[in-house]
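Proteins get letters first, then strands, A, B, ... in listed order; numbering begins at 1 in each.
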Amino acid sequence: MRKSPRQQLLEHYRAHARDLPWRTPPGAKAAPDPYHVWLSEVMLQQTTVATVAPRFDAFLARWPTVEAMAAAPLEEVLGQWAGLGYYARARNLHACAVAVAGRGGFPDSEAGLRALPGIGDYTAAAVAAIAFGREAVVVDTNVERVVARYFAIRRPVKDARAEIRERAAFFYEGVDAGAMAQALMDLGATICRPRTPDCAACPLADTCAAHAGGDPASIPPRPPRKARPERHGTAFVIERDGAIFLVRRPEKGVLGGMAALPGSAWRDGAPPAPAAAAAAIRHVFTHFALTLAVESRPEPPRDVEGWWQPRDRLAQAGLPTLYVKALAAFDAARGAPSLLP
DNA sequence: GACCCGTGGTC
DNA sequence: TGACCAAGGGT
């Protein structure tokens, strides 16, 4: 008698599950802490496991409970998040912690979780299933790809999302939704990969329509990519008594709310001419590429609010990667050792 | 629904 | 080496 695809997948997961700091071992009795599940799921949004793992530990060490995080100033949470990108997540993380602490704990239902800041369809379903053992259909991009291939749904994901979700429910029928979610996501990350699926290692290959069709990598079809425009600007390094003048970026927009070097607005187009500045870096964001000149200035611009950050405490300023790179390039051009990691 | 929003790894 | 990709959410 053949095992069901669901059981084959769950057995494969139990045998191959990666050891992640926020994951209770498959078959563990104790339910995971909802705070840990929520924090890891938000950190993992559009971010790889390898990047998140050490940063998750650091967050937990600094704020052991959701109440502790809620009691921290927003600026400290943003600083702890520095380098992880998509900084709206950090603002929403703090807002969510405040809401949860205020109501005395996490909601234990998908709908209750979905109403919190920074928790969308995916995260609500994942936390409800993994932390609270709720029935849920957890669908992320991994699950979309696995399901599209398993049922050979060849339309672009954005057109087939409703069908993919209906089909995904097949995998969640009658099983632990939290375990199935993690099993499907692990499968997508390690075997049913976007460009190079390893069907020889896949526990679902026997019954997978895309594998039978002979070209699983072509499912789902990839939408044409959009052009990435160029922008350019200048950042100022202003030093006084071993400290650097920093500012805080506006709440909305790129690097919203983060600590930053002061500088010019970023203009459209490639930089006019290389050279003048002491240093320059190139940084690629999601939807534009930036060439940033880095220049020394004697004084802060008038009417610009900011603070003097001692060089030996630069790491505590919580600078996003763009400005870490800018300062490193500036110091290198000057022949000085960098104090940044 | 289209667009905005980071960063590091991979090939 | 540039393009692709990642446990998405907000507007």
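Checked against C:dA6, C:dC4, B:dG6, the side chain of A:Thr286 finds its nearest nucleotide in B:dG6. Listed candidates were C:dA6, C:dG8, B:dG6. Nearest to the side chain of A:Pro194 is C:dA6. Side-chain proximity of A:Leu255 to the nucleotides B:dA2, C:dG8, B:dG6 is greatest for B:dG6. Proximity note for A:Thr321 (side chain, C-beta onward) versus C:dA7, B:dG8, C:dC4: the nearest is B:dG8. Of the candidate nucleotides C:dC4, C:dA6, B:dT7, C:dA6 has the atom nearest to the side chain of A:Arg145. Comparing B:dG6, B:dA2, C:dA7 by their closest approach to the side chain of A:Glu41 singles out C:dA7. Closest approach to the A:Val254 side chain among B:dT7, B:dG6, C:dC4 is made by B:dG6 (side chain taken as heavy atoms from C-beta onward).
Residue contacts shown for A:Trp22 include a base, since a base heavy atom lies under 4.0 Å away. No contact: A:Gly188 has no heavy atom under 4.0 Å from any strand. In this structure, A:Asn92 reaches the sugar-phosphate backbone alone: every heavy-atom distance under 4.0 Å involves primed, P, OP1 or OP2 atoms, never a base. Counting non-hydrogen atoms under 4.0 angstrom, A:Arg193 reaches nothing in the nucleic acid. Note on A:Ala181: nothing from the nucleic acid sits closer than 4.0 angstrom, heavy atoms only. Counting non-hydrogen atoms under 4.0 angstrom, A:Thr47 reaches a base of the nucleic acid. A:Thr196 comes within 4.0 angstrom of no nucleic acid atom, judged by non-hydrogen atoms across all strands. Among the heavy atoms of the strands, none lies under 4.0 Å from A:Ile130.
The distance from atom CE of A:Met258 to atom P of B:dC4 is 21 Å, rounded to the nearest whole Å. At whole-Å resolution of the value, CG in A:Leu44 and C1' in B:dG8 are 15 Å apart. To the nearest angstrom, P of B:dG9 lies 13 Å from CG of A:Leu84. Note: CH2 (A:Trp81) to P (B:dC5) measures 17 Å, nearest angstrom. For the pair A:Lys226 NZ and C:dC4 P, the computed distance is 13 Å after rounding to whole Å. Following rounding to the nearest Å, A:Leu113 (CG) and C:dG8 (C1') show an atom-to-atom distance of 16 Å. Between the CD atom of A:Glu144 and the C1' atom of C:dA6 there is a distance of 13 Å, rounded to whole Å. Between A:Arg225 atom CZ and B:dC3 atom P there is a gap of 16 Å when expressed in whole angstrom units.
Residues A:Arg114 and A:Gln182 both approach DNA chain C. Their nearest nucleotides, taken by heavy-atom distance, put A:Gln182 toward the 5′ side. For the pair A:Val284 and A:Lys158, both in contact range of DNA chain B, the more 5′-proximal nearest nucleotide belongs to A:Lys158. Annotation: of the two residues near DNA chain C, A:Lys252 and A:Asn142, the 5′-most nearest-nucleotide partner is A:Asn142.
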Please list every donor-acceptor pair under 3.5 Å in which a side-chain atom of residues 262-272 of chain A meets a protein atom from a residue at least two apart or in another chain.
unit_1   : atom_1 : unit_2   : atom_2 : d
A:Ser264 : OG     : A:Thr234 : N      : 3.0

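Residue A:Arg89 places none of its side-chain N or O atoms closer than 4.0 Å to OP1 or OP2 of B:dC5. Taking side-chain N and O atoms only, A:Arg195 has no distance below 4.0 Å to OP1 or OP2 of B:dT10. For B:dC3, neither phosphate oxygen OP1 nor OP2 lies less than 4.0 angstrom from any side-chain nitrogen or oxygen of A:His287. Look at A:Tyr86 and you won't find any side-chain N or O under 4.0 angstrom from OP1 or OP2 of C:dG10. At the phosphate of C:dG8, OP1 or OP2 sits under 4.0 Å from a side-chain N or O atom of A:Gln46. A:Thr123 has a side-chain polar atom (N or O) that falls below the 4.0 Å cut-off from OP1 or OP2 of C:dG9.
Look at the P atom in both B:dC3 and C:dA7: the space between them is 24 Å, to the nearest Å. Across the P atoms, C:dT11 and B:dG6 are found 14 Å apart, a figure rounded to whole Å.
A:Arg6 forms a cation-pi arrangement with A:Phe170, by the criterion of a distance under 6.0 Å to the ring centre and an angle within 45° of the ring axis.
Look at A:Lys158 and A:Glu144 and you find no salt bridge, because none of the NZ, NE, NH1 or NH2 atoms lies under 4.0 Å from a carboxylate O. Using a 4.0 Å cut-off between charged side-chain N and carboxylate O, A:Asp331 and A:Arg311 make a salt bridge.
Under a cut-off of 6.0 angstrom, the local environment of CG in A:Asp19 is sparse, with at most 12 non-hydrogen atoms contributed by other residues, nucleotides or ligands. Within 6.0 Å of atom CD in A:Glu11, more than 12 heavy atoms from other residues, nucleotides or ligands are found, so the atom counts as buried in its surroundings. Other residues, nucleotides and ligands contribute at most 12 non-hydrogen atoms within 6.0 Å of the CZ atom of A:Arg154.
The base-pairing partner of B:dG1, taking Watson-Crick or G-U wobble contacts with both distances under 3.5 Å, does not exist among the strands shown.
Under the 3.5 Å distance criterion, with hydrogens and angles disregarded, a donor-acceptor pair is assigned to the side chains of A:Arg89 and A:Thr47.
Scanning atom types as modelled, no donor and acceptor separated by under 3.5 angstrom connect the side chain of A:Thr51 and the base of B:dG8.
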